[in-house]
Amino acid sequence: MRVTPGIVSAQIASDLQRALVALTRQQSMIASGRRILAPTDDPGGAAQALTVRSRQAVNAQFQKNISEARSGLESADSVLRTVAETVIRAKETAIQGANDSNDATSRQSLGTQVDQLLEELVSLANSRDHKGAMLFGGQESTVAPYTVTRDVNGKITAVVVNARGIDGQTPAEVSEGLTVQTGVSGTSVFGASSDATYAFSVLIGLRDSLNTNNGAAVQASLDNLTVLVDRATLASTVVGTRLGWIAALEERLQDESVVLAGSLSRVEDLDIPRAVQDLRQIQSFYEAALASGARLLEQSLLNFLR
């Protein structure tokens with residue numbers, strides 16, 4: 001086949017183009033720090049990297065879920081501690097009021113204290129978490145779980161539970177196949193409204209017994225008050241246990257995140273010193289191709305002029 005100056009020129013241009021593409025790709029790899037810029041660079045490595053990145057996304061979502069769950073549980077834990085303190089104070093007041101040395105005036109003074117504790121307990125029962133959701137409202141997160149009825153003097157005479165329910169489950173997925181309850185059942189803390197140990201009814205009864213100087217009724221309320229203390233303490237313990245569990249799980253997910261980052265690095269990361277060396281070699285080839293191409297084109301032009 002006869003090699004014409006046009007063929008030589010086209011071949012030189014093609015060689016230079018390939019060298020330039022290789023040079024540009026090598027520069028891009030060094031700039032990004034990655035050896036895989038497209039799936040065609042390493043199909044197996046690209047597939048492995050995709051798997052790792054997918055797992056990283058799942059891991060990050062679980063950590064986010066844990067962070068949200070922890071914030072909600074921390075809010076509940078703080079409120080439950082105060083609930084426990086409130087019912088303990090109510091029991092201490094009842095013990096004091098059950099003493100027969102008290103007269104009517106002394107018991108009325110204690111009744112006023114219990115009335116204040118009742119107001120505080122209702123306020124705590126309608127507490128919100130860090131996002132504004134009702135802590136003890138179950139899935140009814142925007143509606144107050146407890147509503148009060150007052151007499152003409154403004155004193156609470158009854159506390160009514162939200163008719164839509166307060167015990168709906170609010171689970172958060174914190175790992176594959178694992179969930180944690182982020183809310184606390186109002187019933188588990190304050191009791192069912194139909195039960196004799198319904199916290200608000202117990203405090204209302206204690207207040208009224210103190211105000212009417214009924215020492216026997218005050219004494220009879222002590223067992224129910226003990227139940228309230230035990231129930232609030234248990235609820236606080238349950239929430240504390242959940243917090244400890246998700247803290248351990250979060251630590252495991254953080255460790256897994258480090259492992260995944262290392263796996264991705266091994267698949268994708270570029271050996272920079274070697275890549276720079278390769279770049280210099282490709283650049284040398286490109287410059288050599290330019291020089292030799294120029295000489296060939298010059299000789300072909302001289303042959304044409306002769």
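Using a 4.5 Å heavy-atom cutoff, the side chains of Leu260 and Glu256 are in contact. When side chains are defined from C-beta on, Asp77 counts as touching Ser236, because their heavy atoms get closer than 4.5 Å. The shortest side-chain heavy-atom distance between Glu120 and Gln116 does not fall under the 4.5 Å cut-off. Contact annotation: the side chain of Leu73 never approaches that of Trp245 to less than 4.5 Å [non-hydrogen atoms, C-beta and beyond]. By the 4.5 Å heavy-atom criterion applied to side chains, His130 and Glu74 are not counted as neighbours. The shortest side-chain heavy-atom distance between Val218 and Leu210 falls under the 4.5 Å cut-off. Using a 4.5 Å heavy-atom cutoff, the side chains of Leu234 and Arg231 are not in contact. In this structure, Ile204 and Thr157 have side chains that are not in contact, with every pair of non-hydrogen atoms separated by 4.5 Å or more.
Between the side chains of Ser209 and Asn214, no donor-acceptor pair is found at a separation under 3.5 Å.
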Go through Glu68 and Thr182 one step at a time and tell me if the side chain to side chain contact (heavy atoms under 4.5 Å, CB included) criterion holds.
CA-CA 9 Å; Glu68 286 293 324; Thr182 60; over 6 Å; no

Would you sort out whether Phe62 and Leu178 count as a side chain to side chain contact (heavy atoms under 4.5 Å, CB included), showing the intermediate values?
CA-CA 10 Å; Phe62 285 148; Leu178 294 176; over 6 Å; no

Set out, in order, the CA-CA distance, both residues' side-chain angles and the distance that settles salt bridge (Lys or Arg N to Asp or Glu O under 4.0 Å) for Arg207 and Glu119, then state yes or no.
CA-CA 12 Å; Arg207 179 200 62 193; Glu119 294 282 356; over 6 Å; no

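Residues passing the side chain to side chain contact (heavy atoms under 4.5 Å, CB included) test with Val143, sequence neighbours excluded: Glu140, Asn162. Contacts of Phe136 classified as ring pair (Phe, Tyr, Trp, His ring centres under 6.0 Å), with partners at least two apart in sequence or in another chain: Phe190.
Residues Val238 and Ile66 fall into different hydrophobic clusters, defined by Ile, Leu, Val, Met, Phe, Trp and Tyr side chains chained together at heavy-atom separations under 4.5 Å. If you chain together hydrophobic residues whose side chains sit under 4.5 Å apart, Phe200 and Val227 never meet in one group. The hydrophobic cluster containing Val160 does not contain Val202, counting ILVMFWY residues as joined when their side-chain heavy atoms lie under 4.5 angstrom apart, directly or transitively. Under a hydrophobic-cluster definition in which Ile, Leu, Val, Met, Phe, Trp and Tyr are linked whenever side-chain heavy atoms come within less than 4.5 Å, directly or via other members, Ile166 and Met134 are assigned to different clusters. Following chains of ILVMFWY side-chain contacts shorter than 4.5 Å, one cannot reach Val58 starting from Val52, and the two form parts of different hydrophobic clusters.
Around the CZ atom of Arg55, the shell of radius 6.0 Å holds more than 12 heavy atoms that belong to other residues, nucleotides or ligands.
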Could you pull out every donor-acceptor pair under 3.5 Å between side chains of residues 89-97 and any protein atom, sequence neighbours left out?
unit_1: Lys91; atom_1: NZ; unit_2: Thr226; atom_2: OG1; d: 2.9
unit_1: Thr93; atom_1: OG1; unit_2: Arg89; atom_2: O; d: 2.7

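With Leu225 as the partner, the side-chain contact (heavy atoms from CB on, under 4.5 Å) test is satisfied by one option alone out of Ile88, Leu203, Val87: Leu203.
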